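Right, I'll just put the structure down here and ask away after.
Everything numeric here is computed off the predicted structure, so don't read it as measured data.
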Amino acid sequence: MNKWDKRFIDLADTIGEWSSCFKENRHVGAVIVKDKRILTTGYNGAPAGITSCAEKGECMRLKLGIPSGTQHELCYAVHAEQNAIIQAARMGISIEGATMYVTHFPCVICARMIANTGIARLVYRNSYPDEFSARLLAEAGLLVERWEE
């Protein structure tokens, strides 16, 4: 890891602070970079036009007692990784061969999407309770590295 990795993982942390998720939940940020250039960013939060949990004052997942790492479909939020990928698609930006920096290891749904984009490298800071996603990323041939200072 190098000073550029530190800059981009720190930026992912900052972007995660923009999350519109309820304050007790993870605030996740993602940055997609190629050749030391930021291509797109994303954070977790409600889709455009949908009232966020922060605005509602409660999290549906917490209210229903849904354990972390399960039942991803029962959530208003789009994950940070998904938002960064969607932003690239909307703007017509190729992310093939890029590096994704993310505050938390991706869930299995995000892992599948990341594998399909052609992203070559994933750098994450914090763990996440989804072992299957690690297996998928390894099988897809992604270089996965945990950032540790």
*Any chain of hydrophobic side-chain contacts (each under 4.5 Å) joining V28 to W18?*
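Shared cluster, no.
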
*Who passes side chain to side chain contact (heavy atoms under 4.5 Å, CB included) against A120, sequence neighbours left out?*
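Testing A120 for side chain to side chain contact (heavy atoms under 4.5 Å, CB included), a comparison that skips the adjacent residues, returns none.
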
*Can you tell me how far the CD atom of E81 sits from the CE atom of M113, to the nearest 0.5 Å?*
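So the CD of E81 and the CE of M113 are separated by 9.0 Å.
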
*With sequence neighbours left out, what residues match K34 under side chain to side chain contact (heavy atoms under 4.5 Å, CB included)?*
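Listed in chain order: L39, A98.
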
*Atom pair OG1/CE of T40 and M100 - distance to nearest 0.5 Å*: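 Taking OG1 in T40 and CE in M100, the distance rounds to 7.0 Å.
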
_When you group the ILVMFWY residues by side-chain heavy-atom contacts below 4.5 Å and let the links chain together, are L137 and L143 in the same group?_
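Hydrophobic grouping puts L143 apart from L137.
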
*Please name the pair of heavy atoms, one in A140 and one in A115, separated by the smallest distance, quoted to 0.1 Å.*
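Closest approach of A140 to A115: CB-CB, 3.8 Å.
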
*State, to 0.1 Å, how close P47 and V78 come at their nearest heavy-atom pair, and which atoms those are.*
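It is CG-CG2, 3.7 Å.
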
*Going from CD on E131 to CG on L136, what distance comes out if it is rounded to the nearest 0.5 angstrom?*
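If I round to the nearest 0.5 Å, the distance is 12.5 Å.
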
*Find out if a path of hydrophobic residues (ILVMFWY) with successive side-chain heavy-atom gaps under 4.5 Å connects M91 to I85.*
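Per the 4.5 Å side-chain linkage, M91 and I85 are co-clustered.
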
*Any ion pair linking K3 and D10 (charged N to carboxylate O, less than 4.0 Å)?*
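No, this pair does not count.
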
*Roughly how far, to the nearest 0.5 Å, is CD1 of I32 from CD1 of I95?*
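Going from the CD1 atom of I95 to the CD1 atom of I32 covers 4.0 Å.
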
*Quick one: do I119 and I93 end up in the same hydrophobic cluster if we chain Ile, Leu, Val, Met, Phe, Trp and Tyr together by side-chain heavy atoms under 4.5 Å apart?*
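Shared cluster, yes.
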
_Has T103 got a side-chain atom pairing as donor or acceptor with G29's backbone, closer than 3.5 angstrom?_
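Here the side-chain-to-backbone pair exists.
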
_To check you understand the geometry: which heavy-atom pair defines the closest contact between A111 and P106, and what is its length?_
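Answer, listing the atom of A111 first, then P106: N-CB, 4.2 Å.
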
*Can you hop from V33 to Y43 via hydrophobic side chains spaced under 4.5 Å?*
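Same hydrophobic cluster.
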
*asked:* Applying side chain to side chain contact (heavy atoms under 4.5 Å, CB included) to N116 and R112, what does each step give before you reach the verdict?
replied: CA-CA 6 Å; N116 265 358; R112 285 186 221 147; over 6 Å; no

*Qualifying ring pair (Phe, Tyr, Trp, His ring centres under 6.0 Å) pairs with a residue from residues 44-67, counting only residues at least two apart or across chains*: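 Sorted result for residues 44-67: empty, none.
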
*State, to 0.1 Å, how close N44 and S19 come at their nearest heavy-atom pair, and which atoms those are.*
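In terms of heavy atoms, the two residues are closest at O-OG, 2.9 Å.
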
*For R61, all residues meeting salt bridge (charged side-chain N to carboxylate O under 4.0 Å, His left out), sequence neighbours excluded*: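 In terms of salt bridge (charged side-chain N to carboxylate O under 4.0 Å, His left out), with neighbours along the sequence ignored, R61 is linked to no residue.
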
_Pair H72-C110, side chain to side chain contact (heavy atoms under 4.5 Å, CB included): steps then yes or no_ = CA-CA 10 Å; H72 300 288; C110 290; over 6 Å; no

*Tell me, with the steps shown, if R121 and E145 meet side chain to side chain contact (heavy atoms under 4.5 Å, CB included).*
CA-CA 8 Å; R121 180 173 174 240; E145 301 174 75; 2.5 Å; yes

_Here's a test for you: under side-chain contact (heavy atoms from CB on, under 4.5 Å), which of I15, I9, V102, T14 qualifies with V31?_
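Per the side-chain contact (heavy atoms from CB on, under 4.5 Å) rule, the option paired with V31 is I15, out of I15, I9, V102, T14.
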
*Could you tell me which non-hydrogen atom of S68 sits nearest to which non-hydrogen atom of R26, and how far apart they are?*
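Distance-wise, the nearest heavy atoms are OG-NH1, 2.8 Å.
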
*asked:* Tell me whether E149 at atom CD has more than 12 heavy atoms from other residues, nucleotides or ligands lying less than 6.0 Å away.
replied: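 Atom CD in E149 is packed in, count exceeds 12.
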
_Within a 6.0 Å radius of atom CZ on R135, are there more than 12 heavy atoms belonging to other residues, nucleotides or ligands?_
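Counting other residues, nucleotides and ligands, CZ of R135 stays at 12 neighbours or fewer.
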
*asked:* Please give me the minimum heavy-atom distance between A46 and S52, naming the atom from each residue.
replied: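 The pair with the smallest heavy-atom distance is CB-CA, 3.7 Å.
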
*With sequence neighbours left out, what residues match K56 under side-chain hydrogen bond (donor to acceptor under 3.5 Å, both in side chains)?*
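Per chain and number, K56 pairs via side-chain hydrogen bond (donor to acceptor under 3.5 Å, both in side chains) with Y76.
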
*For T41, does its backbone N or O pair with a side-chain atom of Q87 as donor and acceptor, under 3.5 Å?*
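At least one qualifying donor-acceptor pair exists.
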
_Between H79 and I109, is there a side-chain heavy-atom distance shorter than 4.5 Å?_
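The answer is no; the side chains never approach within 4.5 Å.
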
*Expected output: side-chain N2 to main-chain W4 donor-acceptor under 3.5 Å*: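 Yes, the answer is positive, given that a donor and an acceptor are paired below the 3.5 Å cut-off.
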
*Measuring from R146:CZ to L122:CG, what's the distance to the nearest 0.5 Å?*
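Interatomic distance, R146 CZ to L122 CG, rounded to 0.5 Å: 12.0 Å.
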
_Plane angle bin for Y101 and F8 - parallel if under 30°, tilted between 30 and 60°, otherwise perpendicular_ =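 The rings of F8 and Y101 sit tilted, inter-plane angle from 30° to 60°.
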
*Which residue pairs pass the ring pair (Phe, Tyr, Trp, His ring centres under 6.0 Å) test when at least one of the two sits in residues 115-149, sequence neighbours left out?*
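Sorted result for residues 115-149: F105-Y124.
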
